[in-house]
Enquirer: 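I am attaching a structure below and will ask some questions about it afterwards.
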Protein chains: 2
Amino acid sequence: MAEETQAEKVERIERQRTEAEELSWALRAVVQASGEVDRTLARRLDLRPLDYAAMTHAMNAPDLLGPVELSERLGIATGSATELVDRLEAAGHLRRDRHPNDRRRVSLSPTDTSVRTILEALEPLLTDLDALARDFTPDEQAAIQRYLRSAADRLHRYARRTDGT
Amino acid sequence: MAEETQAEKVERIERQRTEAEELSWALRAVVQASGEVDRTLARRLDLRPLDYAAMTHAMNAPDLLGPVELSERLGIATGSATELVDRLEAAGHLRRDRHPNDRRRVSLSPTDTSVRTILEALEPLLTDLDALARDFTPDEQAAIQRYLRSAADRLHRYARRTDGT
DNA sequence: CCGAGCATCTCGGAGACCGAGATAATCCGG
DNA sequence: CCGGATTATCTCGGTCTCCGAGATGCTCGG
């Protein structure tokens, strides 16, 4: 690469800075649009925002999820979580199961019909997004994925660090 | 086959996923992490989730924003929006101004102190994300930005199309 | 077997949200 | 310019959600 004057260097860095900010802004737009999707989906399922959030947690939970952990994730009191689960169970969205070994615990899992309904509603969006991904070369896909994973990680870290629980 | 835990099931599905689907999943992780950020930030500002959402709308509104439009965006009744604005105004987050020409209308705008507080809290995250963007080559940045913009657009379209308003 | 610790549920009270008006300003056809 | 329709906002009573302190039932270490 050829020599670079100080002015050129400054300009290059400046350009990179603004482009980096553009990228962060694009990310923000995605998040905002995703919020819209969540809102309309919650309305379609006839769920209050918090109840919808509870369902997403129930569907993504890596391991067993109980009312207490749910209350922590949603930032509500445990009693409120119990009532929330009551509502979702009554509406046929969630199932309560006793843990076989520790009978204090309650396992919350989404019902099959609920999962199917949500996936059906989301299916066109998911295939659309998958199609979008296929418009990029493998190298580009790798870069995008690297960016997304790292961004998610940093967002997660920030949330954890800022959170005063 | 014996019972399969939720974690095992998730893992099995994870393995079957194609590259494109991996990308969509990474996007989902970002959105989820961003939700966490919103939640903790709302708690730090001592705002209920909906009140926090109202503040973000007030800060991003392109033009004049009144209680009615706010109620539409948040999906609540107009009366509820009035009370919500009451709360935010009492807490010093929002300011009510009468529109000079149309005296029916009320203009909602965030107070300076509120804007400063939010930006200060977000500053480390924003610089962190900008720094992340700079880890990529210009070509990669372009691809990522193209992906993000298109994804936001498709999410937005889906929300609009699905929404039964 | 006992007491500490934990997950969940119960219950009374405070507050948010709804929705059907009331109020006031603006717009529009005649 | 007038009267009705429209629009933006607010008021008010009722219902449901959420809080938080305590009760209940279960587990575990000694």
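Just so it is clear: chains get the letters A, B, ... in the order the sequence lines come, proteins before strands, and each one is counted from 1.
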Enquirer: Considering only heavy atoms, which members of residues 87-97 of chain B lie under 4.0 Å from some atom of DNA chain D?
Expert: B:R96

Enquirer: Counting any heavy atom closer than 4.0 Å, what does A:N101 reach on the DNA or RNA strands: base, sugar-phosphate only, or nothing?
Expert: sugar-phosphate

Enquirer: For the atom pair CG (B:D51) and CG (B:L88), what is the distance rounded to the nearest 0.5 Å?
Expert: 4.5 Å

Enquirer: First and last nucleotide of DNA chain C touching chain B, 5' to 3', heavy-atom cut-off 4.0 Å?
Expert: C:dA16 to C:dT26

Enquirer: Scan B:G66 against the nucleic acid and name what it touches under 4.0 Å (heavy atoms): base, sugar-phosphate only, or nothing.
Expert: sugar-phosphate

Enquirer: Would one find more than 12 heavy atoms of other residues, nucleotides or ligands at under 6.0 Å from atom CZ of B:R157?
Expert: no

Enquirer: If the threshold is 4.0 Å, N to carboxylate O, is there a salt bridge linking A:R95 and A:D97?
Expert: yes

Enquirer: Decide, yes or no, whether a salt bridge links B:E83 with B:R87 under the criterion of side-chain N to carboxylate O below 4.0 Å.
Expert: no

Enquirer: Could you check which of D:dT9, D:dG20, D:dC12 has an atom nearest any side-chain atom of A:A77?
Expert: D:dG20

Enquirer: For D:dC18, does either OP1 or OP2 sit under 4.0 Å from a side-chain N or O belonging to A:S80?
Expert: no

Enquirer: How far does OG of A:S109 sit from CG of A:L65, to the nearest 0.5 angstrom?
Expert: 9.5 Å

Enquirer: Please work out if A:V68 contacts a base, only the sugar-phosphate, or nothing of the nucleic acid, heavy-atom cut-off 4.0 Å.
Expert: base

Enquirer: Determine whether more than 12 heavy atoms belonging to other residues, nucleotides or ligands lie under 6.0 Å from atom CZ of B:R146.
Expert: yes

Enquirer: Take atom CZ of B:R98 and atom C1' of D:dT9, then tell me their distance rounded to the nearest Å.
Expert: 7 Å

Enquirer: To the closest 0.5 Å, what do you measure between CD (A:E22) and CZ (B:R149)?
Expert: 5.5 Å

Enquirer: Is there a side-chain polar atom (N or O) of A:R103 under 4.0 Å from OP1 or OP2 of D:dT27?
Expert: yes

Enquirer: Closest-nucleotide mapping onto DNA chain D: is A:L84 or A:D102 further toward the 5' terminus? I mean the 5' end.
Expert: A:L84

Enquirer: For the side chain of A:R104, counting heavy atoms from C-beta on, which of D:dT9, D:dG25, D:dT7 is nearest?
Expert: D:dG25

Enquirer: Is atom CG of B:D46 surrounded by more than 12 heavy atoms (other residues, nucleotides or ligands) closer than 6.0 Å?
Expert: no

